Amino acid sequence: QVRLVESGGGSVQAGDSLRLSCVASGIPFSYRALGWFRQAPGKEREFVAVISWSDDLTYYEDSVKGRFTISRDNAKNTAFLQMNSLTLEDTAQYYCAAGTHFSTTPAMNDRSLWDYWGQGTQVTVSS
């Protein structure tokens, strides 16, 4: 049984940092990608970042490049999302997801490529 559990969300002020964690269990060997998405109230769920389980390849949505860093600890089956210089626009429920397809293109925004999802963790940024 595949399970993804996010943690690390919270309420912070603009300019602060947060680190989200996603612990994965039961992921089949064929699943190459673990990603982060977010969904703000009244908006579509959008892609944030992805990392390949097998190497250090990463890909980011343009608005978070240079501020967010995705990483992984394979020994702990955990992926992280380090978020720096947070802005009000980063306020959202953040979800991690696992999929078999990895690429460094906007195709990663296609939610049909992602088979498993966590329950989400809330990030709220205030001024």
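The shown structure was predicted, so the numbers you read here are calculated from the model rather than taken from an experiment.
- Here S54 pairs with S52 under the side-chain contact (heavy atoms from CB on, under 4.5 Å) rule; sequence neighbours left out.
- Side-chain contact between V23 and L4 is absent, with no heavy-atom pair separated by less than 4.5 Å.
- The shortest heavy-atom contact between L86 and V125 is CB-CG2, 3.9 Å.
- For the atom pair CH2 of W36 and CD of E61, the computed distance is 16.0 Å after rounding to the nearest 0.5 Å.
- Within the structure, salt bridge (charged side-chain N to carboxylate O under 4.0 Å, His left out) pairs that include any residue of residues 32-44 comprise R38-E46, R38-D90, E44-R111 (at least two apart or interchain).
- Using a 4.5 Å cut-off between side-chain heavy atoms of Ile, Leu, Val, Met, Phe, Trp and Tyr, L57 falls into a hydrophobic cluster with F37, F47, V50, Y59, Y95, F102, M108, L113, W114, W117.
- For V2, the side-chain contact (heavy atoms from CB on, under 4.5 Å) partners are I27, P28, Y116, not counting sequence neighbours.
- Looking at residues two or more places apart in sequence or on another chain, you find a side-chain contact (heavy atoms from CB on, under 4.5 Å) between A49 and Y60, I70, L81.
- Counting all heavy atoms, side chain and backbone alike, A79 lies closest to L34 at CB-CD2, 3.4 Å.
- For residues 41-89, no pair satisfies disulfide bond (SG atoms under 2.5 Å apart), with sequence neighbours left out.
- Judged as a disulfide bond (SG atoms under 2.5 Å apart), not a single pair has a partner in residues 35-79 (not counting sequence neighbours).
- With contacts defined as side-chain heavy-atom distances shorter than 4.5 Å, the pair N84/S17 qualifies.
- Applying the salt bridge (charged side-chain N to carboxylate O under 4.0 Å, His left out) definition to pairs two or more places apart or across chains, none involves residues 11-29.
- At distances below 3.5 Å, at least one donor-acceptor pair connects side-chain atoms of E6 with backbone N or O atoms of G120.
- Contacts classified as disulfide bond (SG atoms under 2.5 Å apart) and involving residues 90-127 (residues at least two apart or in different chains) are given here: C22-C96.
- Each salt bridge (charged side-chain N to carboxylate O under 4.0 Å, His left out) pair with one or both residues in residues 118-127, not counting sequence neighbours, would appear here, but there are none.
- Identified under the side chain to side chain donor-acceptor pair (under 3.5 Å) test for residues 97-107, with sequence neighbours left out: S103-T105.
- Formation of a donor-acceptor pair under 3.5 Å by the T91 side chain with backbone atoms of T124 is not found in this model.
- L88 and L20 end up in the same hydrophobic cluster when Ile, Leu, Val, Met, Phe, Trp and Tyr side chains are linked at under 4.5 Å.
- Identified under the salt bridge (charged side-chain N to carboxylate O under 4.0 Å, His left out) test for residues 68-79, with sequence neighbours left out: D56-R72.
- Annotation for A92 and A40: closest pair CB-N, 3.8 Å, computed over non-hydrogen atoms.
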